[in-house]
**Q** 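One structure, pasted below without further comment.
Atoms within a ligand are numbered from 1 in the order they appear, just like the ligands themselves.
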Amino acid sequence: MFDKQVYIDRRNELKKSFKSGVLLFPGNDEAAMNYPGNTYKFRQDSSFLYYFGIDIPGMTGLIDLDEDKEYLFGYEFTIEDTVWMGPQPKLSELAGQTGVEFSKPIAELKKFLKSKKKKQSKIHFLPPYRAEHILKLSDLLDENPNRLKSKYSKKLIEAVVAQRSIKAEEEIAEIEYATEIAYQMHTTAMRMAKPGVIERDIAGAIEGIALSIGNGVSFHSIVSKNGQTLHNHFHGNVLKEGDLLVCDAGAESLLHYASDITRTTPVGGKFSYKQKEIYEIVLTAQKNAINMIKPDVKHVDVHLTAVKIIAAGLSQLGLMKGDLNSAVKAGAHALFMPHGLGHMMGLDVHDMENLGEDYVGYDNTTKRSDQFGLSYLRLAKELKPGFVFTCEPGIYFIPELIDLWKSQKKFKNFINYDKVEEYRDFGGIRIEDNILVTKTGYKVLGRPIPKEADDVEAWAKS
Ligand code: GLY
Ligand code: MN
Ligand code: MN
């Protein structure tokens, strides 16, 4: 964990948004994989991690604003635990590591909360996203599990989002380290993108890198020659000369900060002419989008700039037609780029998505569109110094979507379906980097990972 002062300062900052009540942060528990004793790799809740830093299951952090006290509720490890797991710290030692004065057995938490409720103290908690948490909170707070979901604290969400959105120096260093792991992963994937290799050969190799120098992957790796499927987690195809391999993969640093990078590599080391034309459109869209990034720019405008460049490029190739501003306004480009340009990134790869995407990426002045494509934009609001987010344009040829829109004659004034047919087996291309908003502009985080077409080819040939 960071120095305990980091967590003390974070909690003090959070407390400024509240005058009274209790702020409750249940950490995650072990989650059973196929039987209770065989669990998934433990992942702490990110907000608990942010305010308390302790990477151990079964803990709850509590800030009592009425009494101005902080508590860590948890377990004392038993001799049996020591036999199976080795020596463990005492609960009071764990509390001390994060600068919390009081520690109590978790069995006393219910009674504690009951007494606070009796005194009409408001208990603030974030929306639970694991079934176990819903049940635990419903027991602790004497709430029906079905109703509990709507009882979370909007005020706590807003305060946490405001704080976690602005990355401090030590967090940026963690994210930079996560992108360094991604550098190793992606250059390995490029080198391995050879005919005869199975996608899982590459997925296994790069996930091994993430585990060996970090805390493993930050999300399920996408390593696919069928990159037109946006989140394709199937890794069973054999690569052949001429395929395009989309690799969208990232790692967690040892303190759980994420990276999320995508590169697209020609299998065998040479883009075809047709592939390179599309690749250059995506790269140009990404570079121009990144160049726009600075404080107070709305990210929805960055997204719209990127998709206009994509529409213009596709129009030059004869795939789109008509007035491009009207085409983009209507959403016709979404046949080729049906997703948003990027999302916040931090302790979660889609940072704070469990708190509600609209709290993280939207605000009173920026409302979510309901148009297909634009509606998937996770970050739309004004950018602020300290935001870290992804920039990930792509062009995809999704046969099922093409067939549907064609049969509906959808946007036939903007899309040249005859030309699109020539690309139906093309696959997809995405390029993704991780960006920090600085006081005056932006910084692309991490060591540059090859993305110029020539550089990608050189790595793929090596
Ligand atoms: N890695 C999933 C995404 O780019 O959002
Ligand atoms: Mn990604
Ligand atoms: Mn992403």
Side-chain angles (χ1 to χ4, degrees), residues 43 46 165 167 175 178-190 199 202-203 206-207 209-210 214-224 226-235 244-253 256-265 282-283 285-286 289-290 293 299-300 302-303 306-307 334 337-354 357 360-361 373-380 383 387-396 398 427-437 442 444-446 449-451 456:
R43 177 54 160 82
S46 296
S165 293
K167 269 61 182 182
I175 297 171
T179 57
E180 172 59 25
I181 306 171
Y183 176 95
Q184 305 291 345
M185 294 163 76
H186 282 275
T187 51
T188 299
M190 285 174 197
E199 291 160 343
I202 301 175
I206 65 173
E207 294 194 358
I209 293 170
N215 191 55
V217 293
S218 49
F219 59 95
H220 287 305
S221 307
I222 297 159
V223 182
S224 180
N226 288 316
Q228 75 280 4
T229 302
L230 303 181
H231 281 177
N232 196 336
H233 295 135
F234 178 71
H235 294 155
L244 281 175
L245 182 74
V246 170
C247 180
D248 180 349
E252 278 192 359
S253 72
H256 299 288
Y257 284 84
S259 58
D260 178 10
I261 302 285
T262 307
R263 290 294 183 264
T264 305
T265 305
V282 178
L283 188 58
Q286 201 223 25
I290 292 174
I293 293 167
H299 192 246
V300 64
V302 184
H303 171 97
V307 296
M337 178 165 155
H339 62 74
L341 187 64
H343 51 83
M344 294 280 238
M345 200 186 75
L347 277 167
D348 309 301
V349 63
H350 291 179
D351 211 22
M352 300 170 279
E353 200 166 286
N354 61 313
E357 217 173 80
V360 181
L374 190 53
S375 63
Y376 290 124
L377 182 61
R378 300 181 202 274
L379 172 63
L383 302 173
F387 279 18
V388 172
F389 62 99
T390 65
C391 185
E392 50 180 308
I395 295 179
Y396 314 87
I398 306 166
I429 289 176
R430 176 161 67 252
I431 304 171
E432 176 175 20
D433 282 301
N434 303 153
I435 321 290
L436 165 72
V437 184
Y442 66 87
V444 180
L445 293 175
I449 300 174
K451 66 178 173 182
V456 173

**Q** Distance from Ile175 atom CD1 to Ser259 atom OG, nearest 0.5 Å?
**A** 9.5 Å
**Q** If the cut-off is 2.8 Å, does any N/O/S atom of Asp248 fall short of it from the Mn ion (ligand 2)?
**A** yes
**Q** Mark the output for His350 as yes if a heavy-atom distance to ligand 1 is under 4.0 Å, and as no if none is.
**A** yes
**Q** Who's the nearest protein heavy-atom neighbour of atom 4 (O) of ligand 1, and how far?
**A** Glu392 OE1, 2.9 Å
**Q** Quick check on contacts: which atoms of ligand 1 are under 4.0 angstrom from a heavy atom of His343?
**A** 3 (C), 4 (O), 5 (O)
**Q** Could you say whether the N/O atoms of Asp248 and ligand 1 ever approach to under 3.5 Å?
**A** yes
**Q** Could you tell me which non-hydrogen atom of Ile206 sits nearest to which non-hydrogen atom of Cys247, and how far apart they are?
**A** CD1-SG, 3.8 Å
**Q** So which N/O/S atom does Asp260 have closest to the Mn ion (ligand 2)?
**A** OD1
**Q** Quick check: of its N, O or S atoms, which one does Glu432 have closest to the Mn ion (ligand 2)?
**A** OE1
**Q** Can you tell me how far OG of Ser224 sits from CG of Leu244, rounded to the nearest 0.5 angstrom?
**A** 11.0 Å
**Q** Out of the candidates Gln286, His339, His343, only one should pair with Glu392 under the side-chain hydrogen bond (donor to acceptor under 3.5 Å, both in side chains) rule; please name it.
**A** His343
**Q** For His339, state whether at least one heavy atom is located under 4.0 Å from any atom of ligand 1.
**A** no
**Q** Looking only at heavy atoms, which two atoms of Gly250 and Met185 are closest? And how far apart?
**A** O-CE, 3.7 Å
**Q** To the nearest 10 degrees, how large is the angle at the Mn ion (ligand 3) between Glu392 OE2 and His343 NE2?
**A** 90°
**Q** Considering only heavy atoms of Glu432, which atoms of ligand 1 have at least one such atom less than 4.0 Å away?
**A** 4 (O)
**Q** I'd like to know whether NE2 of His233 has more than 12 heavy-atom contacts from other residues, nucleotides or ligands below 6.0 angstrom.
**A** yes
**Q** Would you name the heavy atoms of Val246 and Arg430 that are closest together and state the gap between them?
**A** CG1-NH2, 4.3 Å
**Q** Of all the non-hydrogen atoms in the protein, which one sits nearest to atom 2 (C) of ligand 1, and at what distance?
**A** His231 NE2, 3.5 Å
**Q** How many angstroms lie between NE2 in His350 and OG1 in Thr390, if you round to the nearest 0.5 Å?
**A** 7.0 Å
**Q** Could you list which atoms of ligand 1 come closer than 4.0 Å to a heavy atom of Phe219?
**A** 1 (N)
**Q** Any idea which heavy atoms bring Ile398 and Pro338 closest together, and the distance?
**A** CD1-CG, 4.0 Å
**Q** Just wondering, is there an N, O or S atom on His350 that's nearer than 2.8 Å to the Mn ion (ligand 3)?
**A** no
**Q** For atom 3 (C) of ligand 1, what is the nearest protein heavy atom, given as residue, atom name and distance?
**A** Asp260 OD2, 3.4 Å
